[in-house]
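Here's the structure we're looking at; comments come further down.
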Amino acid sequence: MKKLITTVAICLGIIFGSQVWAGEEHAVKGVVKAIKASDNKLTILHGPIKTLGMDGMTMDFVVSDPGMLEVVQQGHAVSFVIEVDKKGNFIIIDIEDQGMAAGG
């Protein structure tokens with residue numbers, strides 16, 4: 001019985017300890033701070049991502065399609081959609097340039 005309880009506890013830890021948001025889409029708004037074409041990344045100052053319980057911050061996001069890097073410009077406001085993969089990486093799956101950010 002003790003072995004069964006231990007096995008169940010380990011399985012639950014694996015299930016609930018893994019990335020809860022993997023595969024879900026999250027809408028985000030921010031400002032492009034840098035375009036890192038060689039890494040397929042955008043550095044974005046984003047607002048809070050309430051669906052992930054994240055405060056606003058500046059961070060790098062991988063783009064799912066390198067063509068997205070040509071759609072945006074540094075200093076522009078953007079609205080974008082991210083997915084979190086099973087490893088916890090934040091990946092932009094859709095992005096729209098909103099023009100020059102206020103105060104930019």
Side-chain angles (χ1 to χ4, degrees):
M1 184 66 161
K2 186 175 182 181
K3 187 174 181 177
L4 175 64
I5 292 171
T6 302
T7 303
V8 170
I10 290 170
C11 289
L12 288 174
I14 291 169
I15 292 168
F16 292 109
S18 63
Q19 187 57 257
V20 176
W21 305 287
E24 292 182 11
E25 294 182 1
H26 307 275
V28 189
K29 292 185 182 278
V31 176
V32 176
K33 294 299 191 179
I35 299 170
K36 300 178 178 179
S38 62
D39 295 327
N40 283 339
K41 292 181 180 178
L42 293 171
T43 303
I44 298 177
L45 168 61
H46 67 80
I49 307 174
K50 294 180 182 181
T51 55
L52 293 173
M54 288 179 68
D55 292 332
M57 66 183 82
T58 300
M59 60 186 282
D60 286 345
F61 292 90
V62 175
V63 294
S64 63
D65 176 1
M68 292 179 188
L69 300 174
E70 298 174 16
V71 173
V72 299
Q73 293 183 34
Q74 186 172 339
H76 281 206
V78 290
S79 58
F80 57 107
V81 177
I82 62 169
E83 280 185 350
V84 183
D85 70 12
K86 292 179 182 178
K87 294 180 181 179
N89 299 308
F90 297 91
I91 301 169
I92 296 176
I93 60 169
D94 190 30
I95 193 163
E96 184 178 326
D97 190 301
Q98 304 289 313
M100 185 57 76

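Atoms considered below: every heavy atom in the structure, side chains included; atoms not considered: hydrogens, waters and symmetry mates. These figures come from a predicted structure and were not determined experimentally.
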For this session: Compute whether any side-chain donor of one residue and acceptor of the other, for S79 and Q98, lie under 3.5 angstrom apart.
Result: yes
State yes or no: do [X] and [Y] share one hydrophobic cluster built from I, L, V, M, F, W and Y residues joined by side-chain heavy-atom distances below 4.5 Å, directly or via other members?
X: V32; Y: M57; result: yes
X: V84; Y: I92; result: yes
X: V31; Y: V62; result: no

Rounded to the nearest 0.5 Å, how far apart are [atom1] of [X] and [atom2] of [Y]?
X: D85; Y: S64; atom1: CG; atom2: OG; value: 11.5 Å
X: F90; Y: I49; atom1: CZ; atom2: CD1; value: 6.5 Å
X: L69; Y: D39; atom1: CG; atom2: CG; value: 10.0 Å

Problem set entry | Smallest separation among heavy atoms of N40 and P66, with atom names | OD1-CB, 3.6 Å
Exercise. Where do V63 and I91 come nearest, in terms of heavy atoms and distance?
Worked result: C-CG2, 4.4 Å
Exercise. Going through the distances and angles, do K29 and V78 end up as a side-chain contact (heavy atoms from CB on, under 4.5 Å)?
Worked result: CA-CA 6 Å; K29 292 185 182 278; V78 290; over 6 Å; no
I'd like to know if the side chain of [X] and the backbone of [Y] have a donor-acceptor N/O pair within less than 3.5 Å.
X: Q74; Y: K33; answer: yes
X: D65; Y: G67; answer: yes
X: D97; Y: Q73; answer: yes
X: T43; Y: M59; answer: no

Exercise. Which one of I44, L52, I95 satisfies the side-chain contact (heavy atoms from CB on, under 4.5 Å) criterion with I82?
Worked result: L52
For this session: Take F61 and H46, measure what ring pair (Phe, Tyr, Trp, His ring centres under 6.0 Å) needs, and give me the verdict at the end.
Result: CA-CA 11 Å; F61 292 90; H46 67 80; 5.7 Å; yes
For this session: Step by step, work out the side-chain contact (heavy atoms from CB on, under 4.5 Å) result for E25 and I93.
Result: CA-CA 9 Å; E25 294 182 1; I93 60 169; 3.5 Å; yes
